[in-house]
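Values below: all heavy atoms of this structure, side chains included; hydrogens, waters and symmetry mates excluded. Quick caveat: nothing in here was measured; it's all calculated off a predicted structure.
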Amino acid sequence: MHNIPEDKGISRRWLDSLYEKGEKIVYRKSKNELRYIGMPVGGLHTGTVYMGGDGRLWLWQIFNTAYDGECEGIEPKNVQWNNGKELITVRPRDGSAYIEPAIADNLRTMEQGFAVSTLVNGKEVIKELRENHWDEIVFEATYPTCRVTYNSADFPLDVVLIAYSPFIPLDQDNSSLPLTTIHIELHNKDSEAIDVTVTGWMENGVHKGRKEFDAVKKRSQVAEYAGNQVLLYSCDQVPDQAMQAGDYGTMAFACMDLQAQPTTRLQEWPVKPLAIKIDRSDSVIDFSNMQVGAFTVQRTIKPKEVSQISYAISWHFNNPHPKLRQHLKDAQSGYWYGAKFSDAAAVINYYLINREKLDKETMLWQETWNDTTLPSWFMDRTFVNIGTLATANTMRFASGRFWAWEGVGACGGTCTHVWQYGQSMGRIFPDLERNLREVTDLGIGFQPDTGAIIFRAEYEKRPAIDGQAGVILRFYRDHQMSSDHAFLERNWPKLKKAIQFVLDQDKNNDGMTDTPMENTLDAVWEGEIAWIVGLCLAAIQAAALMAAEVGDKKFQQLCLDYVRKGSENMDTKLFNGEYYIHRPDMLQGRKKLGSYNTCHIDQVYGQAWCAQVDMPRINSQEKVVSALKALWKYNFTTDVGPYIKTHLGGRPYALAGEGGMVMNTNPKNEEQAYGDHTTWQLGYFHECMSGFEHQVAAHMMAEGMVDESLVLTRMIHDRHHAARRNPFNEIECSDHYARAMASYGTFINACGFSYHGPKGQIGFTPKVRAADFRAPFTVAKGWGTYSQKRKSTGECRCTLILKYGQLILHEFHIGDADDLSLDKKHLVAKQNDRSIELAGLKRTNGRVFVSFKDQLLLRNGDILTIQWI
């Protein structure tokens, strides 16, 4: 029985609040919001190191342990959950970390921290940067950075900790360092100068947890790199067999203060900074003993002044899991960072030499991302999932190949039908996506005789139809995010075969794919399925556009004819008057599992992709909006509790009291609505999976259903509030699930952003607060800030400020522009202070296109202004 209420019970006041800019996202000790926080704070593809809510590092999943069926998720444990009928066992891949989130204090496997010492009324007072030492701690989430503030009424200092690993969009190399940096600010709130002593410590974690290392010695020694003292951690006399293990490697700890005093091994606990003795001699101890090195810095801070001390921690564990090395040739030579750096000391040295650039560009991106009129909560939720790249979910091998699980340690092979939902990597680190297209999709996973793409490459033998279509669509996006046509042109012969494979799956030649094949819901469905038909139509439309660009006119026409026929048939034969359906196979009927007449979350997914890459529509806007309204009416609820209690079998990715959009519902209350012989995959239909929800939210935004888009995104955001679970970890089949990177698509559509690098085109049609709008953007070789102000009819000022790299432009457009003049006399265009000559203006589908007579080249710091007066 369908039991999702039509009335969503949403107040106008609360809905209006979703549009407000608001404050940055903060979590507080006083509200018990710190214990689950785990922000990925290492480089891309270098394992998982979390920054906790109180400023201490935890998890340390850097030893290459994650593997399907052996060690899945961030905490490989099963938990018990009452699904409304009975207690069931929930595995990590089923959402155990959603039911019982990992607690930082339980997984803080290495000794690490900071202690601040000063005199208060003549007595030494020591406060460690940890939750129980301060009256209040505030964690400010601005991924890829975080800011933790500590204060106590009886302590003369406030302390601020800022942490990040270098993260620079478009620069995947400098964003992939196995390193985290921590910057301590000491704020003297007293009226007199204060003498302060700060000690930072870090344990030698090499081979952490081993029990059989009686002959092994731990080593801690001091070295100097780039004028800074560094503690180097390693192990001596390691058995040959262990040298091939995932925990074999090195670590390093640096303090970027010339006056820092090192201690290779602390002897007393708790840490007392004033009592620590300088000890630069090598520490070589039995493996069974704990070895923790430290740096101590003394400062005198004047009244109301701030003093900063910076630290860096690096690691180097270059042996991928042995089963990965068996399966993947690329894994046999280790990781990209292992080929670039010989050990953890080399990583630290690189950072120290390039520190000014790395820190500056990381903070510039953080500032650029947050310099926006869009709501702070919205910016947080739509971007935060790119953090999956900075976990053990992804790898970059020495060969350069990008590879990933679906979620940490679960379902290998960079699965095409999961990763195709993600939009953030293609916009922030497009070279990684292009690597995936060329090395895996059209390389290792490609079948040249048929054009099929094996959806898990070495981990599978079959193609998946939705994954195949998704590769084609991502190819078009990745081409758009290129600076020229080279990527498309060199891959066109293979890509054309992959496109032809999709065309060949239409058995009755009606433009609607109908060949039974694997899909992302882990089953082979029969018949003509709206979401698969639409996705394939979008892929073939992208193919037509790419064929036009490479000059393959015959194939372009073939694709256009297919889309024209398929779109007409989909809109007439697969639309039931309210939403799109799954038409059964004429021979098989409804014997097997399928969505049939139910309301399926992905039913207009193909049209959603059209919005992401600014393609012409494949479906009637009226019918698509009707379908999205049906999803809102039948599948969305502010409390999933009643539904999941009466529709069993799903995994717990949303719980009673939490809102979300259910994958499939049966609003017509049909008997055997999902087929005559259902299988275990039916459980998926009763779940809320955030990646699918983000896809729908993005599409709603594109179609003008802004209220619904914001509400759905906010429900996901609230489900991941730090009071409930880790806000940086959206879970599906294991932790940090790749599909959740669909969230960035909602940001793209909120900006109405479109870009085509090879053609030099960029444009914006903001959907939120368009009269006074400002937001970041990324392009092939640069990023910056776009803003527009529309004061009255016919008046508009558009500004592009390039903050990083360069941008080549031939054309700019603005949407919702019916009131803007096409008379050049009413338009002023300038690059910095130089006037720009225009080639022409035109209006198409509510957009005004401004073309420039000469190509524009914007460099770092340049400002492009286009103003209607």
Side-chain angles (χ1 to χ4, degrees), residues 17 20-42 49-58 101 104 113-114 116 127-152 155 157-167 180-187 189 306-311 359-387 390 714 717-718 720-730 743 747 775-776:
S17 75
E20 296 171 2
K21 170 64 177 175
E23 300 297 322
K24 292 179 181 178
I25 304 300
V26 297
Y27 301 113
R28 300 177 184 276
K29 171 188 173 177
S30 56
K31 294 184 178 181
N32 196 26
E33 295 173 338
L34 303 183
R35 62 179 179 162
Y36 300 135
I37 291 174
M39 188 188 91
V41 76
V49 177
Y50 277 165
M51 175 54 71
D54 69 352
R56 290 182 291 164
L57 299 172
W58 65 288
F114 298 93
V116 181
K127 284 191 178 291
E128 294 184 20
L129 301 190
R130 57 188 300 158
E131 186 169 358
N132 62 335
H133 279 220
W134 299 84
D135 293 349
E136 181 67 298
I137 299 177
V138 179
F139 183 99
E140 183 181 297
T142 52
Y143 190 81
T145 74
C146 66
R147 180 184 179 93
V148 187
T149 303
Y150 309 78
N151 64 76
S152 287
F155 197 66
L157 293 163
D158 286 346
V159 179
V160 175
L161 180 152
I162 299 168
Y164 55 84
S165 186
F167 184 103
T180 188
T181 71
I182 299 173
H183 310 270
I184 306 293
E185 294 178 357
L186 305 167
H187 295 245
K189 57 186 182 182
V306 178
S307 183
Q308 186 185 76
I309 309 169
S310 293
Y311 304 82
D359 288 358
K360 178 182 177 182
E361 292 178 352
T362 298
M363 295 308 297
L364 179 62
W365 169 253
Q366 188 259 21
E367 293 162 5
T368 300
W369 178 257
N370 290 287
D371 180 21
T372 177
T373 56
L374 290 168
S376 294
W377 71 264
F378 178 84
M379 297 299 286
D380 177 72
R381 186 48 48 192
T382 56
F383 191 67
V384 71
N385 290 306
I386 199 170
R714 183 55 182 257
H717 184 68
D718 287 348
H720 295 88
H721 190 280
R724 288 181 165 138
R725 51 190 60 89
N726 185 2
F728 298 93
N729 180 16
E730 291 191 22
S743 60
F747 165 75

Visitor: Report yes if some heavy atom in the side chain of K29 is under 4.5 Å from a heavy atom in the side chain of D54; otherwise report no.
Guide: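 No - every pair of side-chain heavy atoms lies 4.5 Å or more apart.
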Visitor: Can you tell me how far CD of E140 sits from CD of E23, rounded to the nearest 0.5 angstrom?
Guide: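 The CD atom of E140 is 9.0 Å from CD of E23, to the nearest 0.5 Å.
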Visitor: Could you tell me the separation between the CG atom of L129 and the CD1 atom of I184, rounded to the nearest 0.5 Å?
Guide: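 L129 atom CG to I184 atom CD1 measures 5.0 Å (nearest 0.5 Å).
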Visitor: Determine, using ring centers only, whether W134 and F155 are less than 6.0 Å apart.
Guide: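 When the ring centroids of F155 and W134 are compared, they turn out to be within the sub-6.0 Å range.
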Visitor: Do H717 and F378 have ring centroids that are under 6.0 Å from one another?
Guide: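 No, too far apart.
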Visitor: Is there a side-chain contact between R381 and I25, using heavy atoms and a 4.5 Å cut-off?
Guide: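 No; the side chains remain at least 4.5 Å from each other.
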Visitor: Is the shortest side-chain heavy-atom distance between P776 and T368 below 4.5 Å?
Guide: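 Contact flag for P776/T368 side chains = yes.
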Visitor: Side chains of I137 and V148: does their closest heavy-atom pair fall under 4.5 Å?
Guide: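 Side chain of I137 against side chain of V148, heavy atoms only: contact under 4.5 Å found.
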Visitor: Taking the inter-plane angle between the rings of W365 and F383 on a 0 to 90° scale, is it parallel (under 30°), tilted (30 to 60°) or perpendicular (over 60°)?
Guide: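 Ring orientation of W365 relative to F383: tilted.
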Visitor: Taking the side chain as C-beta and beyond, is there a heavy-atom pair between V138 and E136 under 4.5 Å?
Guide: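 In short, these two side chains touch, coming nearer than 4.5 Å.
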Visitor: Side chains of K24 and D380: closer than 4.5 Å at any heavy-atom pair?
Guide: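 No; the side chains remain at least 4.5 Å from each other.
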Visitor: Name all residues meeting the side chain to side chain donor-acceptor pair (under 3.5 Å) criterion together with N32; count only those two or more places apart in sequence or in a different chain, and write none if there are none.
Guide: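 N32 satisfies side chain to side chain donor-acceptor pair (under 3.5 Å) with no other residue.
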Visitor: Using 30° and 60° as the class boundaries, would you call the ring planes of W369 and F747 parallel, tilted or perpendicular?
Guide: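 Ring orientation of W369 relative to F747: tilted.
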Visitor: Ignoring hydrogens and geometry, is there a side-chain-to-backbone donor-acceptor pair from E33 to R28 under 3.5 Å?
Guide: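 Yes, E33 side chain to R28 backbone: donor-acceptor pair under 3.5 Å.
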Visitor: With rounding to the nearest 0.5 angstrom, report the OG1 to NE2 distance, T149 to H187.
Guide: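 Nearest 0.5 Å value for the OG1-NE2 distance: 7.5 Å.
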Visitor: Using side-chain heavy atoms (C-beta onward) and a distance below 4.5 Å, is Y164 in contact with M51?
Guide: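 A side-chain contact under 4.5 Å is absent here.
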Visitor: May I have the step-by-step check of salt bridge (charged side-chain N to carboxylate O under 4.0 Å, His left out) for E128 and R130, ending in yes or no?
Guide: CA-CA 6 Å; E128 294 184 20; R130 57 188 300 158; 3.3 Å; yes
Visitor: What distance separates N726 CG from H721 NE2, expressed to the nearest 0.5 Å?
Guide: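 It is 12.5 Å, given to the nearest 0.5 Å.
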Visitor: Between Y50 and F728, is the ring centre distance below 6.0 Å?
Guide: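 So the answer is no for these two rings.
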